[in-house]
Amino acid sequence: MAVNLLDFDAAGLTAYFAGLGEKPFRARQVLRWIHRFGQGDFDAMTDIAKSLREKLKAEAVIVPPAIVSDKFSDDGARKFLFDVGGGNAVESVFIPEDERGTLCVSTQAGCALDCAFCSTGKQGFNRNLMAAEIIGQLWQVNRVLGVGLPGERMISNVVLMGMGEPLANFENSLTALRLMLDDNAYGLSRRRVTVSTSGLVPMMDRLGDECPIALAVSLHAPNDALRDELVPINRKYPLRELMTACLRYLEKAPRDFVTFEYVMLDGVNDSDEHARQLSSLTRKIPCKFNLIPFNPFPGSPFRRSSTPRIRRFADILMNAGIITTTRKTRGEDIDAACGQLAGQVMDKTRRSGRPLIGIHEVRSQ
Ligand code: SAH
Ligand code: SF4
């Protein structure tokens with residue numbers, strides 16, 4: 001089978017080129033063509049010797065996941081659906097703002113961690129995305145938006161906050177992250193690339209060692225009893241371990257704070273007492289809070305907290321000295337808001353092999 005060059009970061013491509021008897025600077029040149037210039041055609045790589053181009057054409061390909069749909073939200077967010085084969089599809093969302101453009105990327109087809117309030121989790125898990133499928137989302141959207149040079153691109157920030165748990169697909173996410181940071185590829189600064197995790201403690205340590213970038217942790221509850229229910233991975237890595245893992249990460253992180261994400265669920269985790277517990281839980285951790293109004297999806301038992309409740313909750317945290325923002329919900333009308341990404345996943349974990357079409361996709365087709 002042909003080798004997909006999108007699966008390689010700089011080190012991987014250099015090793016592959018060495019196997020072909022080619023020098024490292026050739027690998028660098030090709031890396032630039034692929035990622036800096038968004039080129040998918042070997043024949044267009046004009047400064048690469050024809051003999052090498054022929055060799056590459058014979059045994060390698062540059063194949064991203066295909067875009068199967070592209071929808072605009074009234075608020076400017078844009079959702080892309082990618083076919084990743086075998087009946088599975090994943091989503092990316094581009095969120096333009098005044099000062100930046102953020103692409104939210106998926107790392108798995110489905111998710112095995114089954115958080116109570118998450119549409120992706122409710123679909124079950126099919127498989128990890130390949131590095132080519134993760135970076136391929138950025139490669140594709142970049143081309144759709146107009147490639148441009150690094151620094152002038154529409155996409156200035158990337159968040160691994162789409163479908164799936166990035167740290168449960170560590171190696172492939174890492175390869176994609178290295179490409180995002182590589183000056184010969186996307187050249188993004190470590191502060192502009194964020195991984196969001198539900199709290200896989202050992203993998204947080206590995207990320208800190210191997211590729212420290214901005215970190216967001218999905219907290220969602222101030223005590224173990226409640227978090228065990230909402231974020232089941234908490235039963236394996238309870239809050240005390242998670243908090244110390246955050247402190248360890250901060251020793252290596254490019255930013256001097258961790259972002260705690262907190263979904264606001266009416267009557268579940270949004271009381272004054274919960275806010276006070278949160279401030280004492282995180283007392284020793286330099287952090288910011290990002291409150292996410294719950295985004296409903298069909299079949300979910302939860303409701304979004306009211307706006308005054310969210311404001312009051314934020315006030316309690318702020319009065320305790322914690323910078324707290326409330327996430328503006330974007331892309332709701334196209335089911336592109338946080339936790340609504342459904343794509344299409346053949347669930348291998350619970351209902352073996354049965355296609356589970358994202359309810360949203362059915363409704364909006
Ligand atoms: N698996 C990773 C990243 C993907 S989820 C994680 O859990 O952090 C990205 C964020 O969306 C997480 O904070 C997640 O808890 C949140 N989220 C999931 N479902 C949501 C929903 N229905 N409404 C609002 N936020 C949700
Ligand atoms: Fe997985 Fe994140 Fe959804 Fe939890 S919130 S089920 S970890 S994608």
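Atoms within each ligand, like the ligands themselves, are counted from 1 in listed order.
- At a cut-off of 3.5 Å, with distance as the only test, a side-chain donor of N234 or D224 sits close to an acceptor on the other residue.
- On a distance-only criterion, F294 and ligand 1 share no N/O pair closer than 3.5 Å.
- Atoms of ligand 1 lying under 4.0 Å from any heavy atom of T197, numbered from 1 in the order shown and given with element: 6 (C), 8 (O).
- The shortest N or O to N or O distance between L160 and ligand 1 is not under 3.5 Å.
- Of all the atoms in ligand 1, the ones that sit under 4.0 Å from a non-hydrogen atom of N295 are 21 (C), 22 (N), 23 (N), 24 (C).
- N172 and N169 share a side-chain donor-acceptor pair at under 3.5 Å.
- Looking at E59 and K55, no side-chain N of the basic residue comes within less than 4.0 Å of a carboxylate O on the acidic one, giving no salt bridge.
- No side-chain donor from either of E165 and T107 sits under 3.5 Å from a side-chain acceptor of the other.
- Residue V263 touches ligand 1 through its side chain alone, judged by heavy-atom distances below 4.0 Å.
- Residue contacts with ligand 1 include G162, since one or more of its heavy atoms lies under 4.0 Å from the ligand.
- Close N/O approach between E261 and ligand 1 is found [any backbone or side-chain N/O within under 3.5 Å].
- The closest approach between G164 and ligand 1 falls below 4.0 Å for a heavy atom of the residue.
- More than 12 heavy atoms of other residues, nucleotides or ligands sit less than 6.0 Å from atom CZ of R276.
- With ligand atoms numbered from 1 in the order given, ligand 1 contributes 13 (O), 14 (C), 15 (O) to contacts under 4.0 Å with heavy atoms of H220.
- Of the heavy atoms in L113, none comes closer than 4.0 Å to ligand 1.
- Side-chain atoms of D270 and S305 form a donor-acceptor pair, as typed in the model, at a separation below 3.5 Å.
- For atom 4 (Fe) of ligand 2, the nearby protein N/O/S atoms, meaning those under 2.8 Å, are C115 SG.
- Within the cation-pi definition used here (under 6.0 Å to the ring centroid, within 45° of the axis), K288 qualifies as a partner of F257.
- No hydrogens or angles considered: a donor-acceptor pair under 3.5 Å links the side chains of E261 and S196.
- Listed by first and then second residue, the ring pair (Phe, Tyr, Trp, His ring centres under 6.0 Å) pairs involving residues 67-92 amount to none (not counting sequence neighbours).
- Of all protein heavy atoms, the one closest to atom 2 (Fe) of ligand 2 is G164 O, 4.5 Å.
- Using a 3.5 Å distance cut-off with no hydrogens or angles, the side chains of R32 and Q29 do not pair a donor with an acceptor.
- Not a single heavy atom of M163 sits less than 4.0 Å from an atom of ligand 1.
- Using a 4.0 Å cut-off between a side-chain N of Lys or Arg and a carboxylate O of Asp or Glu, R309 and D266 do not qualify as a salt bridge.
- Of the possible donor and acceptor atoms, one in the side chain of S156 sits under 3.5 Å from a partner among the backbone N and O of G101.
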